Amino acid sequence: MSENRSLTPQRAQEYWQRTKSLMWTVLTIWFLSGFVIHAFAPELNQIRILGFPLGFYMAAQGSLIIFVWLIFWFVARQNRIDDEFGVSED
């Protein structure tokens, strides 16, 4: 926390811009994999992966895999940003 106080207003603004950009990227991927893909399930079902229709696969497992991957990716990216600006919690 003491390092956080050493951020200049300009540096804090840059930190917030990077964090906000990451947040919007994550929300976009979440929205696409959580809602948009499922809206096109009938069309995706024309494609088969390992014998399963893609729309069914995305509803059953694909979106969940993307969500878990997204969590780990977000944490790694945010930690990298925090380290770069000297505001990491470790």
Side-chain angles (χ1 to χ4, degrees):
M1 283 297 212
S2 62
E3 293 181 43
N4 191 10
R5 294 182 192 141
S6 66
L7 284 178
T8 63
Q10 181 180 9
R11 189 91 168 132
Q13 181 70 22
E14 184 180 344
Y15 171 76
W16 176 239
Q17 288 296 328
R18 298 269 310 271
T19 299
K20 195 167 54 172
S21 174
L22 177 61
M23 177 189 68
W24 284 113
T25 301
V26 168
L27 286 175
T28 301
I29 294 170
W30 168 79
F31 181 77
L32 291 173
S33 62
F35 294 100
V36 174
I37 286 179
H38 301 290
F40 295 100
E43 291 82 9
L44 291 174
N45 282 337
Q46 304 301 318
I47 302 169
R48 295 198 173 269
I49 295 179
L50 301 174
F52 296 102
L54 182 58
F56 170 78
Y57 179 78
M58 288 305 294
Q61 292 182 348
S63 292
L64 297 176
I65 292 170
I66 291 172
F67 294 156
V68 170
W69 169 81
L70 193 59
I71 290 169
F72 286 103
W73 181 77
F74 172 77
V75 168
R77 296 286 299 203
Q78 186 64 54
N79 282 339
R80 192 177 317 155
I81 292 171
D82 290 349
D83 288 343
E84 182 181 329
F85 286 87
V87 294
S88 61
E89 295 178 358
D90 296 332

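No hydrogens, no waters, no symmetry mates; every other heavy atom, side chains included, goes into these values. Just so it is clear, the structure is predicted and the values come from calculations on it, not from any experiment.
Judged as a salt bridge (Lys or Arg N to Asp or Glu O under 4.0 Å), and not counting sequence neighbours, Arg80 has no contacts. For Tyr57, there are no ring-ring contact (aromatic ring centres under 6.0 Å, His included) partners two or more places apart in sequence or in a different chain. With sequence neighbours excluded, the residues that form a ring-ring contact (aromatic ring centres under 6.0 Å, His included) with Trp73 are Trp69.
Atom CZ of residue Arg77 and atom OG1 of residue Thr19 lie 11.0 Å apart, to the nearest 0.5 angstrom. With values rounded to the nearest 0.5 angstrom, Ile81 atom CD1 is found 10.5 Å from Glu14 atom CD. Between the CG atom in Leu54 and the CD1 atom in Ile37 there is a gap of 7.5 Å [rounded to 0.5 Å].
Under the ring pair (Phe, Tyr, Trp, His ring centres under 6.0 Å) criterion, the residue pairs touching residues 35-56 are Trp30-Phe35, Phe31-Phe35, with sequence neighbours excluded. Applying the salt bridge (Lys or Arg N to Asp or Glu O under 4.0 Å) definition to pairs two or more places apart or across chains, those involving residues 16-36 are Arg18-Glu84.
When hydrophobic clusters are built by joining Ile, Leu, Val, Met, Phe, Trp and Tyr residues whose side-chain heavy atoms come closer than 4.5 Å, directly or via intermediates, Ile49 is grouped together with Leu64. One hydrophobic cluster holds both Val36 and Ile66 under the rule that ILVMFWY side chains link at heavy-atom gaps under 4.5 Å.
A donor-acceptor distance shorter than 3.5 angstrom exists from the side chain of Ser63 to the backbone of Met58, with no hydrogens or angles considered.
The two residues Phe67 and Gly34 make their nearest non-hydrogen contact at CZ-CA, 3.8 Å.
Put simply, the residue from Asp83, Asn79, Asp82 that forms a side chain to side chain donor-acceptor pair (under 3.5 Å) with Ser88 is Asp83.
Annotation: Gln10, atom CD; neighbour count of heavy atoms from other residues, nucleotides and ligands within 6.0 Å does not exceed 12.
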Donor-acceptor pairs under 3.5 angstrom involving side-chain atoms of residues 21-28: please list them, not counting sequence neighbours.
residue, atom, partner, partner atom, Å
Thr25, OG1, Ser21, O, 2.9
Thr28, OG1, Trp24, O, 2.7

